[in-house]
Amino acid sequence: MTIPEFNDIIEQNDQTTARREHLEKLRELVGNCYPNKFARSAVSGPEDTITSLLNFGPIGDVLIEIKEVVATLAERERPPAEIKDALNERLKELGTVRISGRLAVPPRVMGKAAFVHLSDGISRMQIYVRKQDAVAISNDTGNSIESEDSGWELFGLLDHGDFIGVEGFLFITNTGELSVHVEKLQFLAKAMLPMPDKMHGIADPEIRQRQRYADLIASSLQIEHEGMTTREVFETRARVISSLRRCLEDKGYIEVETPMLTPKATGAAAKPFETHHNALDMTLYARIAPELYLKRLVVGGFEKVYELNRNFRNEGISYKHNPEFTMLEFYCAYMDVNGMMDFCEELLRESVRNATGHSKVMYEGNKIDFSTFEKITMREAILKYKPDAQIDDSTMIGLFDEFVEHNLIQPTFIIDFPKSISPLSKASPENPNIAERFELFINGMEVANGFSELNDPKEQYERFVDQMSERERGDEEAMVLDEDYIRALSYGMPPAAGIGIGIDRLVMLLTNKHSIRDVILFPHLRPERGSSDTENNQ
RNA sequence: GGUCCGAUAGCUCAGUCGGUAGAGCAAAUGGCUUUUAACCAUUGGGUCCCAGGUUCGAGUCCUGGUCGGAUCACCA
């Protein structure tokens with residue numbers, strides 16, 4: 001395998017050449033172009049981002065006042081000088097501030113003064129640099145550079161996307177924008193590559209997903225965008241996940257981590273990824289579900305247990321399937337399928353509201369209402385959409401997939417699954433052929449799957465044996481017998497209900513994204529052509 | 001895997017009937033001391049995805065391929 005040259009990794013063109021030349025001149029001016037730190041303003045407290053500065057009380061008050069004034073003005077009209085001057089007096093009393101960030105726009109230079117915005121990834125703040133009063137800081141000594149107009153020289157070598165730190169005082173410009181009048185200027189890091197287009201962002205979905213960092217930059221730099229920005233999507237995702245954790249922990253659930261690499265891939269109907277442990281010389285499988293491990297913990301006395309982590313399935317990729325996906329699984333002792341449906345509903349309603357602020361979300365033109373969940377048996381659902389259907393246990397799931405699934409837009413629990421396709425699920429007390437199992441569908445997608453957990457070790461063994469004979473007949477996804485799990489159940493497991501919730505799909509619904517790859521930061525993609533990744537695969 | 005659509009400057013895109021390759025943004029140079037998609041002037045920048053074919057001549061038509069997207073089938 002050949003090691004690629006730096007210049008082959010970073011495509012060279014007029015843009016990168018200009019930036020490299022700027023970097024060389026910066027090195028002559030300030031020394032080290034990659035200093036180790038920058039001490040930011042203490043005005044706003046320990047969190048010294050631009051965002052926290054803008055939210056700092058006295059500054060926030062000025063911002064509100066100037067916004068109110070600007071709102072009364074015509075398109076190009078400027079705020080009255082006396083109002084501006086009064087606000088500037090108040091800002092001056094706050095003293096100097098020190099902010100740092102990425103140049104969010106190309107510098108706007110006007111002869112002997114210039115404006116540019118710095119971004120902290122969330123908010124941006126304008127800085128004003130005047131040739132006569134900006135001094136550059138040497139990164140080697142930490143002191144001011146005494147050469148004439150050093151700050152102005154430094155500013156002239158900046159490119160869109162570079163990181164700088166500045167010290168200065170706050171003021172309101174003629175057009176009414178809060179800005180920092182820069183007195184000291186320190187170079188912090190270079191952007192060797194040009195920034196994404198400020199109007200269009202990154203149009204190519206492949207680059208958006210492959211170079212998520214560039215997508216995130218684009219989403220913070222882009223002037224106009226439809227729907228959520230990429231950053232907002234992942235902030236929403238983080239809020240859902242933290243809300244789910246909070247709700248579960250409020251109810252007394254404990255978070256655990258069970259093996260990702262397992263000697264047997266079981267607990268779900270899926271094909272696993274296979275790998276090899278060299279020292280032990282054994283085949284290991286990336287887990288397809290944590291289910292059987294979590295129930296071992298119920299056996300061990302964890303009455304309420306959850307795991308929120310990745311599963312891996314070696315199957316097709318589609319708008320709703322990624323080879324690794326995030327699943328929340330939890331188990332509650334002494335609960336049955338009905339209690340689990342109630343809790344699932346409560347949990348989702350709460351987390352959706354915490355993540356979005358609403359109980360209803362717009363998804364692809366449908367208003368999805370998380371405040372009421374429907375419940376219908378699989379048989380009734382099939383007859384609703386296909387009244388002449390001939391239903392038996394073997395045809396039921398096929399009929400459901402074909403005629404029902406895509407119609408389930410509002411949150412709907414499908415209940416009463418055939419026992420034959422639910423090998424880990426308890427049978428209904430009323431009907432031995434029906435499993436006490438549900439799946440939750442929203443917008444035609446399966447979002448959750450839960451059931452009353454089978455805890456009779458003998459019956460579980462027999463179900464596994466049935467699965468193994470399905471496997472013999474060629475069903476690669478039939479479950480594998482797990483002897484240790486049978487042994488665990490034999491120690492006795494209390495009645496329990498469990499559920500798995502597909503987090504990626506839930507996030508798709510909350511962010512109005514049609515593709516699972518838009519809600520996973522680094523989704524699986526084919527190796528990039530010409531990269532050393534492809535050589536590794538040969 | 002099937003079907004449909006796409007690939008042109010660093011980015012976003014246009015390119016008529018087959019006849020010398022275009023715009024905006026970005027970049028470079030000059031001007032401009034409160035601008036904000038800053039502005040004005042000038043300049044540079046192309047393997048038109050790859051290979052082959054038809055033609056006097058192909059970004060454009062044909063065949064094959066690569067990559068990507070949408071969709072269908074399997075799957076959570």
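Below, each value reflects all heavy atoms present in this structure, side chains not excepted, and no hydrogens, waters or symmetry copies. Proteins get letters first, then strands, A, B, ... in listed order; numbering begins at 1 in each.
Following rounding to the nearest Å, Gln209(A) (CD) and G69(B) (P) show an atom-to-atom distance of 7 Å. If you measure from atom CD of Glu477(A) to atom P of C75(B), you get 6 Å, rounded to the nearest angstrom. Atom CD of Gln132(A) is separated from atom P of U33(B) by 11 Å (rounded to the nearest Å). In this entry the distance linking CZ of Phe155(A) with C1' of U33(B) reads 13 Å, nearest Å. U71(B) atom P lies 14 Å from atom CD1 of Ile516(A), rounded to whole Å. The CG atom of Asp159(A) sits 6 Å away from the P atom of A28(B) (whole-angstrom rounding). Separating the NZ atom of Lys320(A) from the P atom of C72(B) is a distance of 9 Å, rounded to the nearest angstrom. In this structure, Glu364(A) places its CD atom 12 Å from P of A70(B), rounding to the nearest Å.
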Base-contact (B) and sugar-phosphate-only (S) positions in nucleotides 37-42 of chain B, heavy-atom cut-off under 4.0 Å, - elsewhere: BB----

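Each salt bridge (charged side-chain N to carboxylate O under 4.0 Å, His left out) pair with one or both residues in residues 63-72 of chain A, not counting sequence neighbours, appears once here: Glu65(A)-Arg90(A). The list of salt bridge (charged side-chain N to carboxylate O under 4.0 Å, His left out) pairs with a residue in residues 438-452 of chain A, not counting sequence neighbours, reads Arg437(A)-Glu439(A). Sequence neighbours left out, the pairs with a member in residues 127-136 of chain A that pass side-chain hydrogen bond (donor to acceptor under 3.5 Å, both in side chains) are Arg130(A)-Asp133(A), Asp133(A)-His181(A).
Asn88(A) comes within 4.0 angstrom of nothing in the nucleic acid, heavy atoms only. Nucleic acid contact class of Arg208(A) (heavy atoms, under 4.0 Å, all strands): none. Here Ala269(A) lies in heavy-atom contact (under 4.0 Å) with sugar-phosphate atoms only. Among the heavy atoms of the strands, none lies under 4.0 Å from Glu439(A). Nucleic acid contact for His181(A): none, since no nucleic acid atom lies under 4.0 Å from a heavy atom of the residue. Counting non-hydrogen atoms under 4.0 angstrom, His160(A) reaches nothing in the nucleic acid.
Position along RNA chain B of the nearest nucleotide to Tyr319(A) versus Phe115(A) favours Phe115(A) as the more 5'-ward residue. Along RNA chain B, the nucleotide nearest to Met445(A) and the one nearest to Arg19(A) differ in position, and the one closer to the 5' end is contacted by Arg19(A).
Salt-bridge check for Glu28(A) with Lys25(A): failed, with every basic side-chain N at 4.0 Å or more from each acidic carboxylate O. The existence of a salt bridge linking Lys426(A) and Glu436(A) is excluded, since no basic side-chain nitrogen approaches an acidic carboxylate oxygen closer than 4.0 Å.
Rounded to whole Å, the separation between the P atoms of A51(B) and U42(B) comes to 38 Å. G64(B) and A21(B) are spaced 28 Å apart, taking the P atom of each and rounding to whole Å. Taking atom C1' on both nucleotides, G2(B) is separated from G45(B) by 42 Å, rounded to a whole Å. Spacing between G24(B) and A14(B) at atom P, rounded to whole Å, works out to 16 Å. Nucleotides G44(B) and C62(B), compared at atom C1', are 37 Å apart to the nearest Å. Only the C1' atoms considered, G15(B) is 39 Å distant from A73(B), to the nearest whole Å. Comparing the same atom, C1', in U60(B) and in C49(B) gives a spacing of 15 Å after rounding to whole Å. With C1' as the reference atom, A58(B) and U8(B) are 14 Å apart, rounded to whole Å.
The two residues Ile520(A) and Arg212(A) have their closest heavy-atom pair at O-NH2, 2.8 Å.
Checked against the 6.0 Å centroid threshold, Phe400(A) and Tyr385(A) do not count as a close aromatic pair. A ring-centre distance under 6.0 Å is found for Phe413(A) and Phe373(A). For Phe330(A) and Phe343(A), the distance between ring centers is under 6.0 angstrom.
Here Lys190(A) pairs with Asp159(A), Asp162(A) under the salt bridge (Lys or Arg N to Asp or Glu O under 4.0 Å) rule; sequence neighbours left out. In terms of the side chain to side chain contact (heavy atoms under 4.5 Å, CB included) criterion, residue partners of Pro106(A) (sequence neighbours excluded) are, by chain and number, His160(A). Looking at residues two or more places apart in sequence or on another chain, you find a salt bridge (Lys or Arg N to Asp or Glu O under 4.0 Å) between Glu291(A) and Lys295(A). Looking at residues two or more places apart in sequence or on another chain, you find no ring pair (Phe, Tyr, Trp, His ring centres under 6.0 Å) involving Tyr306(A). Listed by chain and residue number, Asp504(A) satisfy the salt bridge (Lys or Arg N to Asp or Glu O under 4.0 Å) test with Arg237(A) (two or more places apart in sequence, or in another chain).
Judged by distance alone, with hydrogens and angles left aside, His321(A) brings a side-chain donor or acceptor within reach of the base of C75(B), the pair sitting under 3.5 Å.
Here the nucleotide nearest the side chain of Asp204(A), chosen from C75(B), G69(B), U12(B), is U12(B).
In this structure, the separation between OG on Ser119(A) and CZ on Phe163(A) is 8.0 Å, given to the nearest 0.5 Å.
Interface residues of residues 161-168 of chain A facing RNA chain B, ordered by number: none; criterion, heavy-atom separation under 4.0 Å.
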Bracket string, RNA chain B, 5' to 3' - pairs by Watson-Crick or G-U geometry under 3.5 Å, | interstrand: (((((((..((((.....[..)))).(((((.......))))).....(((((..]....))))))))))))....

Each nucleotide N or O in nucleotides 4-10 of chain B that has a protein N or O under 3.5 Å away: list the pair and distance.
{"unit_1": "G10(B)", "atom_1": "O4'", "unit_2": "Asn13(A)", "atom_2": "ND2", "d": "3.2"}

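Annotation: side chain of Thr412(A) is not in contact with side chain of Ile442(A) (no heavy-atom distance under 4.5 Å).
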